[in-house]
There are 2 protein chains.
Amino acid sequence: MRAVERKFRRTGYAGTSVDDIAKAGGLGRGSLYAAFGDKNTLYLETLSAYCDRNEAGWAAVLDGPDDTALERLRAYLVKSARFVHEDPDGLGCMVTGFVVEGVDHDPRAEARVRQALASIGRSLTECVRAAQRHGDLDPEADAAEVAHLLMAVNRGMEVMARAGLDTAALDRVCDHAFQGLPLTARARSLWVPRSAATP
Amino acid sequence: MRAVERKFRRTGYAGTSVDDIAKAGGLGRGSLYAAFGDKNTLYLETLSAYCDRNEAGWAAVLDGPDDTALERLRAYLVKSARFVHEDPDGLGCMVTGFVVEGVDHDPRAEARVRQALASIGRSLTECVRAAQRHGDLDPEADAAEVAHLLMAVNRGMEVMARAGLDTAALDRVCDHAFQGLPLTARARSLWVPRSAATP
DNA sequence: ACAGTTCTGGACCGCTTCGTCAAAAACCCT
DNA sequence: AGGGTTTTTGACGAAGCGGTCCAGAACTGT
């Protein structure tokens, strides 16, 4: 039920009533409770389905051969930068919404979210390693740490987008973040056509 | 009323009832309404006070002479990395909470938050310029864009912290983010005592 | 076509919510 | 000490909440 997911993403868990959900989903309250039994479980199910799509989506962006791994990392950043503003309603990631909404989390939902983040982290780490193998990223760098940085930039750009930072500025943030990766000299010369750094 | 602020930060706007607030603030509902008139306004007032402290706090971290500007930028990142886990209850920034909670914002609160972000952005930009003047950051870099990147990393590390990333990992993210700044060779040699990059 | 089963939807219940109000407590100034 | 003013309070009402339930619609297999 995609409309329900969007409703949750728009107004959060606490800010969404079961009536809202029923209206958004186009069915009555009884049917909802018959299918899920609980607002909590309904949210969990929605969140889990969202995570499934999210993990698969990022994996599709990041999986591939070594020689394009750096491009894929760049694509990850670009997609992150545009995530919110590309959404028709400017909705952000449901995982971010869940994580930020409160500290008293349903443990099942928290576990699901951690699993999703771990999955994306794995895809990113593998892609970083691929870029290292291809000589585009410093082989000394810890791939998992670089992945964590990329995830943080992803979430950070999302928050900034939700706060009103426009697409152009976010694209520039994305550029700086990419340039900030531990690129090898070769990769840097390929990705920065003309630089004033080597006179 | 600091307890009220913490209650809002813990459970969000929609997740906090006026009774909760009254209990947290140690006074009755009537008094609350007499003083603020509205849950919305009460939240706005709390948020605004929080923003005041936040802006001042970051400005205190970032203001100073050119020769320590880069250190201050590093301090900004380190403090960002530890923000959540240093809080006794692991609470995050109220601004992030507000921004992420929903898309249908009270325009007054949204304006206040944008003002706060602009203020922090100004402090950061000025600090970046100071570091550029001192020859620690590439003078070609756009200071405002670097500031935006730093703000994004700040928010991103907060979200990752809320998602469960531990302090040690966050410190490493912070290190990588700092190394990713457009440091001049001089600054890099000062901040990275031994590097394998210059054989 | 029809009986049995599944699914749907809105009425319903008890509880919590936000906001109001009059009574009581606290305070103040001389 | 005491009269007047401000502040605090807990009870109150209407509305909204999550969750239950059952009459009727829709679908199934034959």
Side-chain angles (χ1 to χ4, degrees), chain A residues 1-50 89 91 94 97-113, chain B residues 1-50 89 91 94 97-113:
Chain A
M1 207 56 73
R2 199 63 166 271
V4 174
E5 172 201 301
R6 293 189 68 75
K7 183 63 189 156
F8 270 130
R9 283 168 66 191
R10 172 180 285 278
T11 51
Y13 177 80
T16 307
S17 77
V18 179
D19 282 322
D20 293 337
I21 299 164
K23 213 169 292 176
L27 37 79
R29 322 169 49 71
S31 313
L32 268 184
Y33 276 95
F36 299 99
D38 204 340
K39 185 191 176 187
N40 238 305
T41 316
L42 167 55
Y43 180 81
L44 174 66
E45 222 89 356
T46 310
L47 177 66
S48 193
Y50 177 87
D89 304 313
L91 300 184
M94 191 174 185
F98 168 78
V99 162
V100 172
E101 177 152 5
V103 285
D104 317 308
H105 286 314
D106 172 22
R108 292 176 301 168
E110 178 155 350
R112 184 62 190 85
V113 156
Chain B
M1 206 56 75
R2 200 62 168 273
V4 175
E5 173 202 300
R6 293 189 68 75
K7 184 63 190 158
F8 271 130
R9 284 168 66 191
R10 172 181 284 277
T11 50
Y13 177 81
T16 308
S17 78
V18 179
D19 283 320
D20 293 337
I21 300 164
K23 212 169 293 176
L27 37 80
R29 326 170 47 69
S31 313
L32 270 183
Y33 278 95
F36 300 99
D38 204 339
K39 185 191 175 186
N40 238 305
T41 318
L42 167 57
Y43 180 80
L44 174 66
E45 223 88 356
T46 310
L47 177 66
S48 193
Y50 177 86
D89 305 313
L91 301 184
M94 192 176 184
F98 168 79
V99 162
V100 172
E101 177 153 5
V103 284
D104 318 308
H105 286 314
D106 171 23
R108 293 177 298 169
E110 177 156 349
R112 182 65 191 84
V113 156

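None of the values given here were measured: they were computed from a predicted structure. Chain letters run A, B, ... following the sequence lines, proteins first, then strands; residues in each count from 1.
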Point-to-point distance, once rounded to the nearest 0.5 Å, from [atom1] of [X] to [atom2] of [Y]:
X        : Y         : atom1 : atom2 : value
Arg9(B)  : Arg2(B)   : CZ    : CZ    : 7.5 Å
Arg6(B)  : Thr46(B)  : CZ    : OG1   : 13.5 Å
Leu47(B) : Leu42(B)  : CG    : CG    : 11.0 Å
Leu44(B) : Glu110(B) : CG    : CD    : 12.0 Å
Glu45(A) : Arg108(A) : CD    : CZ    : 8.5 Å
Glu5(B)  : Tyr43(B)  : CD    : OH    : 10.0 Å

- NZ (Lys23(A)) with more than 12 external heavy atoms under 6.0 Å: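 Count not over threshold, so no.
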- Message: Once side chain to side chain donor-acceptor pair (under 3.5 Å) is applied, do any residues pair with Ser17(A), and if so which ones, sequence neighbours excluded?
- Response: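 Checked Ser17(A) against side chain to side chain donor-acceptor pair (under 3.5 Å); matches are Asp20(A).
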- Item | Set of residues satisfying side chain to side chain donor-acceptor pair (under 3.5 Å) with respect to Asp19(B), sequence neighbours excluded |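 In terms of side chain to side chain donor-acceptor pair (under 3.5 Å), with neighbours along the sequence ignored, Asp19(B) is linked to Arg29(B).
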- When you measure from every atom of DNA chain D, which of residues 14-30 of chain B have a heavy atom less than 4.0 Å away?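 Within residues 14-30 of chain B, the residues near DNA chain D are Leu27(B), Gly28(B), Arg29(B), Gly30(B).
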- Task: Give me the first and last nucleotide of DNA chain C, going 5' to 3', that has any atom under 4.0 Å from a heavy atom of chain B.
- Result: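 Contact span on the strand: dT17(C) to dC21(C).
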- Query: Can you check whether Thr16(A)'s main-chain N or O pairs, donor with acceptor, with Lys39(A)'s side chain at less than 3.5 Å?
  - Reply: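 Side chain of Lys39(A) to backbone of Thr16(A), a donor-acceptor pair under 3.5 Å: yes, one is there.
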- Give me the bend of the helix from dA1(C)-dT30(D) to dT30(C)-dA1(D), using the axes of the five pairs at each end, rounded to 10°.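 About 30°, once rounded to a multiple of 10°.
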- Task: Look at the rings of Phe8(A) and Tyr13(A) and say which category their plane angle falls in: under 30° parallel, 30 to 60° tilted, over 60° perpendicular.
- Result: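 Taking Tyr13(A) first and then Phe8(A), their aromatic rings lie parallel (interplane angle under 30°).
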Review item, nucleotides 25-28 of chain D N/O atoms under 3.5 Å of protein N/O:
none

- Query: Counting only side-chain N and O atoms of Tyr33(A), is one of them less than 4.0 Å from OP1 or OP2 of dG19(D)?
  - Reply: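 The answer is yes; a side-chain N or O of Tyr33(A) sits under 4.0 Å from OP1 or OP2.
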- Task: Would you please test Leu32(B) and Ile21(B) for side-chain contact (heavy atoms from CB on, under 4.5 Å) and show each step?
- Result: CA-CA 9 Å; Leu32(B) 270 183; Ile21(B) 300 164; 3.7 Å; yes
